[in-house]
Amino acid sequence: MTWNWDVARDFLPELLDGLLITLQATALGSVLAFALGLVWALALRSSTRFVRWPVGVFVEFIRNTPLLVQLFFFYWVLPSWDIKFSALTTGVIALGLHYSTYVAEVYRAGIDGVPVGQWEAATALNMARGRTWFVVILPQAIRRVVPALGNYVIAMLKDSPMIALIGVTDMLQKARSEGATSFQYIEPYTMVGIAFILISYPASLLMRALERRLGH
Amino acid sequence: MTAGLWEHWLLPGIWITVQLTLYSAVFATLVAFGVGIARTSRLWIVRFLTGFYVEVFRGTSALVLMFWLFFVMPLGFEFQLVPMWAAVLALGLTYGAYGSEIVRGALAAVAPAQREAAIALSFSPAQRMRRVVLPQAIPEMIPPFNNLLIELLKATALVSAVSVADITFAAQLSRLATGESLEIYSIILVLYFVLAFLLTRAMRLLERKAKASIGQAPPPGDGLLARLTKGSTRAQAKRPAAPKSADALASGGAK
């Protein structure tokens, strides 16, 4: 194996450019996943069957099909319906939607974990249903699930290279175009792999520490 | 849609996806057991090396690893794998790392008294593992392994990026040939869903057998779609019931 430091040095700025896109996609995807996940979690608790059923089937369907195919679906099908997004936006939508179905399960566990007494107290104070949810239950539920949500952000970060396959210039795409133009494969791909470990390992240590701190 | 879509692309694609899932699942399971057991070793060097492997393969992306195996290995080590086997290697090593954590957790969950009893009966360490610890740990591993296999099945879609002709690759080809994207991607999504569903059913059967063999009650239905079809969502949808007994109230009601 011949490692060429010059190639590595020349690729470094490219890698950092790609890293920004990777982080951007992960951050935006997470925000979308957290918001949609809460919508699914609340809808799955609805007392109306016509809300629970379609949302349940949809969530199971998204969760049991590959993110990559969903990504291709949005990238190729949406334009034919005259819905035009940039590749990065399409990637963020696919990542966010896919992970929202996992995050919904996390919220569900969090909501189940709120002590019954809190519901009873809200009832005793004659609180309205919406107020009970947003003032009493959700603030407590979300605090409990922060470490689990963080783990999904890390998982999304590791899935984000898929957006390179629809042409977003993230880290993997930078390595691919470097390989395609200069036939330098060893350094770019190895550096992208190391970059992922350098971000995700400390991040998962942080999440583990947070979990211990919150006493899970 | 073109004639011959199923015969030429989709059916061979399904076969490749099933094969890939099967081979990588077997490989990942072997790795998971090997590494999971090795991480409980008394030798620090074994623990360190296996721990390092797990952190590296859980820390990086399966797709990046696959590209690395495809483009870097042939150049760096002049060692060219058949695409299918490079894919199996990448998926097996990645999911083996995740699986080893499941094995480690299940081994740790076996009651310490069980090991002590085996030592008291003067079982050798190998006998202890094979006849006392593993039979109790394996049923615990099946539900998380089931989830892992679904993840693995979905991850096989990544191999289309390195031109292994699985269903996702078939979809790409079909889209290029016909220009139709809605139909083909909808078919592919449904196909994956059906495969995931069948895999879950198969694992549930296995779990029932494993639990029955050690005399435990069969697990309640909480798998794919079971939550929806068995109406348990309705119970969950209601507010948690008020504590029934005075004891429960006296102990704070909450838990």
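Reminder, nothing fancy here: chain letters follow the sequence lines and each chain counts from 1.
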Checklist entry - What's the verdict on side chain to side chain contact (heavy atoms under 4.5 Å, CB included) for S181(B) and Y75(A), showing C-alpha distance, side-chain angles and the deciding distance? => result CA-CA 9 Å; S181(B) 45; Y75(A) 190 66; over 6 Å; no
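- A side-chain contact (heavy atoms from CB on, under 4.5 Å) with V64(B) is found for exactly one of V192(A), I194(A), I197(A), namely V192(A).
- Between L68(A) and S160(B), some side-chain heavy-atom pair lies under the 4.5 Å cut-off.
- G59(B) approaches K158(A) most closely through the heavy-atom pair O-CD, 3.4 Å.
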Checklist entry - Do M162(A) and L158(B) pass the side chain to side chain contact (heavy atoms under 4.5 Å, CB included) test, and can you show the C-alpha distance, the side-chain angles, and the key distance before you say yes or no? => result CA-CA 8 Å; M162(A) 286 184 210; L158(B) 299 178; 3.5 Å; yes
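- Both the backbone and the side chain of Q70(A) come within contact range of chain B, with heavy atoms under 4.5 Å apart.
- Atom CD of E180(B) sits about 9.0 Å away from atom OG of S80(A), to the nearest 0.5 Å.
- Here the OG-CG distance, from S61(B) to L157(A), works out to 8.5 Å after rounding to the nearest 0.5 Å.
- Taken from OG1 in T65(A) to CD1 in I188(B), the straight-line distance is 11.5 Å, to the nearest 0.5 Å.
- Across all their heavy atoms, E60(A) and F193(B) have their closest contact at O-CE1, 3.6 Å.
- Within a 6.0 Å radius of CZ in R131(A), no more than 12 heavy atoms belonging to other residues, nucleotides or ligands are found.
- Highest contact tally toward chain B, considering only E187(A), M171(A), Q118(A), R208(A), is held by R208(A) [criterion: heavy-atom pairs under 4.5 Å].
- F71(B) and Y189(A) have parallel rings, their planes meeting at less than 30° on a 0 to 90° scale where 60° marks the start of perpendicular.
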Item to check | Audit row: K154(B), H98(A), side chain to side chain contact (heavy atoms under 4.5 Å, CB included) steps and yes/no | outcome: CA-CA 12 Å; K154(B) 292 189 294 168; H98(A) 189 79; 3.8 Å; yes
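- Proximity to chain B is limited to the side chain of Y201(A), based on heavy atoms less than 4.5 angstrom apart.
- Taking chain A as the reference chain and counting heavy-atom pairs below 4.5 Å, the highest number among L189(B), T168(B), L153(B) is found for L189(B).
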Checklist entry - Are N64(A) and Y192(B) close enough, and set up right, to give a side chain to side chain contact (heavy atoms under 4.5 Å, CB included), and what steps lead you there? => result CA-CA 7 Å; N64(A) 285 289; Y192(B) 275 108; over 6 Å; no
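- For the options I167(B), L65(B), T60(B), heavy-atom pairs under 4.5 Å to chain A are most numerous at T60(B).
- Once rounded to the nearest 0.5 Å, the distance linking CG of L63(B) with CD1 of I163(A) reads 11.0 Å.
- The shortest distance between side-chain heavy atoms of W76(A) and L182(B) does not fall below 4.5 Å.
- Put simply, of E55(B), R175(B), R58(B), the one with the most heavy-atom pairs under 4.5 Å next to chain A is R175(B).
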